[in-house]
Amino acid sequence: MDIFVGSLPFKLKEKELKELFEKFGEVTSAKIVKSKSTRQNKGFGFVDMPNEEEVRKAIFELNGFEIMGRNLEVSISEKKDKSKAKTTKAPKLNSQGKLFVKEGYRPFKGNDKRGNR
DNA sequence: GCTGAGCGG
């Protein structure tokens, strides 16, 4: 279950966030969204919890939890879903239907500073 | 370096 956490203090860290949710239940992973380049904390993150009941409890308790002088906003994460919400199955094929993705293949590289030969 | 709605990979 993905949980959306907002109003997060900019000084808060994913580790602390995970610990906060771990107090209410098992936390699979905690992530905080940041900018693409400036690494600036956007102020909101996501927490993944396997147990739904613990999720509700965590949301119920952490929703409005005051920390560092800020109140946390916890709710169910609703990422922009494309439209597929019928089954847990996801297409592994490309747009063309062909996949030539190899394991260990690097999408972009070319840093061959090694002037071989 | 900041800021305060927002849904990330």
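In the text below, chain A, chain B and the rest are named by the order of the sequence lines, each starting its count at 1. Just so it is clear, the values below take in all heavy atoms, side chains as well, and ignore hydrogens, waters and symmetry mates. All values reported here derive from a predicted model rather than from experimental measurement.
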Syn/anti state for B/dG4 [syn: chi within 90° of 0]: anti

Spacing between A/Ile3 atom CD1 and B/dG8 atom C1', to the nearest angstrom: 14 Å

Quick test of your reading of the model: are A/Lys57 and A/Glu52 salt-bridged, counting only N-O distances below 4.0 Å? no

Once you round it to whole Å, what is the distance between P of B/dG4 and CG of A/Leu12? 18 Å

Rounding to an integer number of Å, can you tell me how far A/Leu8 CG sits from B/dT3 P? 16 Å

Looking at every strand, decide which applies to A/Ile32 at a 4.0 Å heavy-atom threshold: base, sugar-phosphate, or nothing. nothing

Out of B/dG9, B/dT3, B/dG6, which has the shortest distance to the side chain of A/Lys31? B/dG9

Contacts of A/Arg70 that satisfy side-chain hydrogen bond (donor to acceptor under 3.5 Å, both in side chains) - sequence neighbours left out: none

How is A/Glu73 classified with respect to the nucleic acid when contacts are heavy atoms under 4.0 Å: base, sugar-phosphate, or nothing? base

Tell me if the NZ atom of A/Lys15 is crowded by more than 12 foreign heavy atoms within 6.0 Å. no

With A/Asp2 via side-chain hydrogen bond (donor to acceptor under 3.5 Å, both in side chains) - residues at least two apart: none

Side chain of A/Asp2 - closest among B/dT3, B/dC7, B/dG8: B/dG8

On DNA chain B, compare the nucleotides closest to A/Phe46 and A/Lys11; which residue's is nearer the 5' end? A/Lys11

Which nucleotide in the set B/dG4, B/dC7, B/dG8 lies at the smallest distance from any side-chain heavy atom of A/Arg70? B/dG4

